[in-house]
> 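I'd like to ask some things about the structure below.
Atoms within each ligand, like the ligands themselves, are counted from 1 in listed order. The basis for the numbers below is simple: all heavy atoms, side chains too, and nothing from hydrogens, waters or symmetry mates.
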Amino acid sequence: MLTINEISEAVRRGERISSEAALKLWREAPLWLLGELATMRKRAISGESVYYNRNVHLEPTNICLFNCEFCSFRRREGDADAWYMSLEEIEKRAEELQAADITEVHIVGGVHPKHDLDTYCAMIRRVKRALPHVTVKAYTAVEIFYMIRRDEISVVEGLRRLQEAGMECIPGGGAEIFDEQLRAKICPDKCSSEEWLAVHRAAHNMGLATNCTMLYGHIETLEQRIDHLERLRKLQDEAPGFDAFIPLKYHSRGNRLSEAGESSVEDDLRTIAISRIFLDNIPHIKAYWVSYGKATTEMALAFGADDIDGTIGDTTKIYSMAGGVEKPTMSVEELEAMVRAAGFTPVERDSHYNPVVRSDEECVPEPKSVPEPEAEPKSKPEVEETSEDNSEKRDSRDSRENNDDMKRESGSPKRTQRTRKSGGGDGGSNKGGFYRRFPIVSHIILASLFGLVLIVGLYIGLKSGTRHGEAIKVPNLLGMDVDDARAMAEAEELQIVVRDSIFDVDLPGGAIVDQLPRTSTVRDVTVKPGRKIYVTINAYSRRMVEIPYVAKQTLRQALNQIERSGLTVKELIYEADMTSTDYVLAQFVSSREITPTTSRRCEVGTGVTLRVSYRRDEQQVYAPRLVGLSLQQARKTLWDNGLNVGKVVYDDSVEDLIARRKARVYKQSVQLGTSLKRGSEVTLYLSCDEAMVDSMSVIASGELRKFEERRRKQLAEADSLALANE
Ligand code: V47
């Protein structure tokens with residue numbers, strides 16, 4: 001067994017740790033060490049950033065068929081405090097949220113006996129109808145599994161229909177604890193662990209991002225927690241797609257596990273740190289502030305968390321009903337202050353962890369109301385001013401100023417109101433003589449002048465300030481050269497701002513790979529003239545990076561390090577060995593061997609050739625399932641399985657280099673489950689035809705199930721043969 005020092009060194013080198021090592025760290029490592037190691041791992045992934053978003057939860061019902069021991073939220077139909085929202089109520093609620101500046105609606109609730117897949121899809125459609133630009137993160141795998149069972153369809157078909165309705169990603173709830181015995185005790189009605197994992201696997205294979213959770217701090221053991229994390233890590237290795245892991249601290253009020261008590265803050269911090277260290281393939285660890293409260297969440301940022309969830313706006317009851325934060329709501333300022341207090345940089349993210357860019361212009365409120373001439377003092381112009389009149393004028397000015405304050409609060413600009421005030425005052429004092437002699441004429445002239453000034457001012461203001469009514473269709477810039485895009489945008493009175501760059505070997509330098517706002521195929525996205533379009537471009541010159549020394553370790557560790565350093569794999573060359581399989585014997589860049597003493601810098605994206613061992617009795621591997629994966633995912637899957645990427649062939653639906661980034665595998669040259677020699681090549685066929693790739697994915701899922709069944713039988717037979725021989 002490794003010592004704490006040896007495990008820490010491995011973590012510092014960026015290596016994966018075993019379950020045993022994680023357990024040892026959990027039990028024996030001092031808290032400060034966990035904080036140091038987890039923060040190091042966090043920084044390697046998200047640097048100084050800590051993410052939050054502007055979100056709400058929608059909990060359509062708390063009536064639930066299932067009756068979990070830990071749940072304080074669930075009610076039976078007919079219970080006094082049960083609630084149920086009809087589709088109309090859901091849409092109305094979504095409409096009420098139109099004014100709220102949110103980017104995500106997270107729908108989750110009880111498994112209602114009357115809800116089928118159509119109802120769940122309809123809920124999403126209603127929300128999207130009212131909030132078309134908001135991302136819907138919907139339904140736990142438990143709810144999804146229930147609906148597809150009920151409708152007797154496949155998981156992929158169910159997910160496809162939810163996706164069609166507008167679901168963009170899946171939250172992590174319902175995982176609880178995977179250990180089968182414990183699951184049978186605390187949530188016997190819910191789908192099994194295998195089923196939960198199968199829903200997420202299918203989602204990942206379809207390119208849907210999901211989250212994952214673990215409900216801890218009740219009656220589970222540390223071993224059961226590690227087992228849970230290990231199953232998540234394994235799934236992420238096999239079918240990557242988890243964006244974030246959220247350790248959910250159990251809250252004990254009002255449920256049948258109350259006697260278990262609640263975890264200590266130290267346990268919470270250890271749990272977060274170990275999750276960050278152990279889950280080396282899940283990019284984000286979320287400290288859900290609604291569950292932890294402010295103080296622990298802030299501390300969690302020193303233990304590897306890089307996300308704190310969002311503004312919430314008092315829209316979830318799951319935690320308050322169990323004794324968590326009452327009426328959970330947090331302003332952007334409060335969330336950002338929390339992150340800054342922990343020494344990190346707050347970054348508002350969308351549901352896919354892209355930074356949300358809010359242009360300055362959007363923050364400046366636009367004129368909503370036009371000053372009305374009648375509000376000007378009309379009374380008694382011909383009478384000499386008396387002290388009483390003065391006081392009346394003061395009152396009137398005061399009341400206008402109060403009014404101004406209210407308008408300022410509601411977003412009206414100060415500029416327009418100031419014009420009104422000085423206009424009124426000057427008219428009264430400078431033209432006193434003429435005014436007194438020809439009061440009616442004066443009044444008419446003044447009123448006309450005032451009206452004219454108002455109209456001209458309004459016209460100029462609207463024209464130059466907001467260009468009200470003018471809308472420019474946001475052009476699709478993807479794939480364009482940034483300079484060409486600038487020229488085009490200038491002609492359209494838009495500005496191009498480069499906010500980020502990536503490096504993709506297949507794309508020319510300066511090519512735009514992402515833009516905000518994005519365009520849509522179903523509607524025109526418009527902005528006002530002069531607005532900025534933020535773009536991400538492919539870098540012109542390749543960044544130089546360190547070549548990590550990855551020999552003398554397992555292939556998986558080497559692959560992880562290569563990926564993290566920005567390099568790629570050129571080829572795996574297998575060599576027979578007496579003792580081990582998948583151990584990296586040597587590494588080469590441009591035919592030059594890299595040793596621990598070689599000067600080790602090269603351009604990002606450079607391919608590294610790995611010489612890897614195999615024992616003669618372990619030369620055979622099975623072709624993995626690649627259909628449904630992006631090119632990047634398929635490459636990684638092949639390397640993880642000891643295979644090489646052969647040709648990459650795109651069909652006609654892949655129109656340009658940018659589309660290649662979206663294309664997914666619809667065919668593989670070697671059928672999944674076929675026996676191959678390590679190092680063999682597999683050709684990949686990719687398409688952007690979503691429907692076709694989805695249907696090929698469904699077939700591939702069926703083949704995978706049959707293959708896994710066959711393998712299980714083969715292994716069981718081999719085991720019993722070995723037993724008989726013994
Ligand atoms: O699945 C229920 C948990 C989950 C209790 O994906 C409880 O971004 C503690 O999954 N004490 C639902 N936890 C919430 C959830 C979630 C929350 C925030 C963000 C995301 C995300 C997902 O809440 C349930 C269950 O595991 N839960 N009862 C309780 N008494």
> Of all the non-hydrogen atoms in the protein, which one sits nearest to atom 11 (N) of ligand 1, and at what distance?
His251 N, 2.9 Å
> Select one of side chain, backbone, both or neither to describe which atoms of Val290 lie under 4.0 Å from any atom of ligand 1, heavy atoms only.
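Within the 4.0 Å criterion, Val290 makes no contact with ligand 1.
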> What protein heavy atom sits nearest atom 30 (N) of ligand 1, and how far away is it?
Phe70 O, 2.8 Å
> What is the closest protein heavy atom to atom 15 (C) of ligand 1, and at what distance does it sit?
Leu248 CD1, 4.0 Å
> If I apply the N/O under 3.5 Å rule, does Lys286 come out as touching ligand 1?
yes
> Checking side-chain polar atoms at under 3.5 Å, does Glu157 have a donor or acceptor matched by the opposite partner on Ser154?
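Not at all, the side chains of Glu157 and Ser154 share no donor-acceptor pair under 3.5 Å.
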> Taking the six-membered ring for Trp, are His251 and Phe73 closer than 6.0 Å centroid to centroid?
no
> Would you check if there is a donor-acceptor pair between the side chains of Tyr216 and Asp267 at a distance under 3.5 Å?
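No.
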> Identify, by atom number and element, the atoms of ligand 1 in contact range of Leu215, meaning under 4.0 Å from any of its heavy atoms.
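Answer for ligand 1: 7 (C), 9 (C), 13 (N).
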> Is it true that Glu336 and Tyr52 share a donor-acceptor pair across their side chains at a distance under 3.5 Å?
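There is such a pair (donor and acceptor under 3.5 Å, judged by atom type) between the side chains of Tyr52 and Glu336.
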> Which atoms from ligand 1 have a heavy atom of Ala322 less than 4.0 Å away?
30 (N)
> Could you find the nearest protein heavy atom to atom 13 (N) of ligand 1 and give me its residue, atom name and distance?
Tyr319 OH, 2.8 Å
> Any heavy atom of Met321 sitting closer than 4.0 Å to ligand 1?
no
> Could you list the atoms of ligand 1 found under 4.0 angstrom from a heavy atom of Asn255?
30 (N)
> By number and element, which atoms of ligand 1 are closer than 4.0 Å to a non-hydrogen atom of Asn211?
6 (O), 8 (O), 21 (C)
> Starting from atom 22 (C) of ligand 1, locate the nearest protein heavy atom and write down its residue, its atom name and how far away it is, to 0.1 Å.
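Here the closest protein heavy atom is His106 CE1, 3.6 Å.
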> Between Glu690 and Arg664, is there a side-chain N and carboxylate O pair less than 4.0 Å apart?
yes
> Among Ile272, Val265, Asp268, which residue satisfies the side chain to side chain contact (heavy atoms under 4.5 Å, CB included) criterion with Met299?
Val265
> Return yes if some donor-acceptor pair links the side-chain N/O of Glu89 with the main-chain N/O of Ser86 below 3.5 Å, else return no.
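A pair under 3.5 Å: yes.
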> Looking at Arg125, Arg126, Lys128, which hits side chain to side chain donor-acceptor pair (under 3.5 Å) with Glu91?
Arg126
> Just do the salt bridge (charged side-chain N to carboxylate O under 4.0 Å, His left out) check on Glu326 and Arg253 with the steps written out, would you?
CA-CA 12 Å; Glu326 283 290 330; Arg253 195 174 72 194; 3.3 Å; yes
> Which atoms from ligand 1 have a heavy atom of Pro171 less than 4.0 Å away?
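Matching atoms, with element in brackets: 6 (O).
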> Does any N or O atom in Gly172 lie less than 3.5 angstrom from one in ligand 1, N or O only?
yes
> Nearest protein heavy-atom contact for atom 10 (O) of ligand 1: which residue, which atom, what distance?
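Ranking protein heavy atoms by distance from atom 10 (O) of ligand 1, first comes Gly173 CA, 3.0 Å.
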> How close does the nearest protein non-hydrogen atom get to atom 24 (C) of ligand 1, and which residue and atom is it?
Glu176 OE2, 3.9 Å
> Does either side chain, that of Lys249 or that of Ser263, offer a donor lying less than 3.5 Å from an acceptor on the other one?
yes
> Looking only at heavy atoms of Ile246, does any of them come nearer than 4.0 Å to an atom of ligand 1?
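A heavy atom of Ile246 does come that close to ligand 1.
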> Roughly how far, to the nearest 0.5 Å, is the CG atom of Leu65 from the CD atom of Glu143?
11.5 Å
> Tell me whether the centres of the aromatic rings in Tyr120 and Tyr139 are closer together than 6.0 Å.
yes
> Minimum distance, heavy atoms only, to atom 9 (C) of ligand 1: which one of Glu104, Arg253, Lys249 is it?
Lys249
> In terms of residue, atom name and distance, what is the protein heavy atom nearest to atom 1 (O) of ligand 1?
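For atom 1 (O) of ligand 1, the nearest protein heavy atom comes out as Gly174 N, 2.7 Å.
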> Looking at ligand 1, does any of its N/O atoms fall within less than 3.5 Å of an N/O of Thr213?
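There is no such contact.
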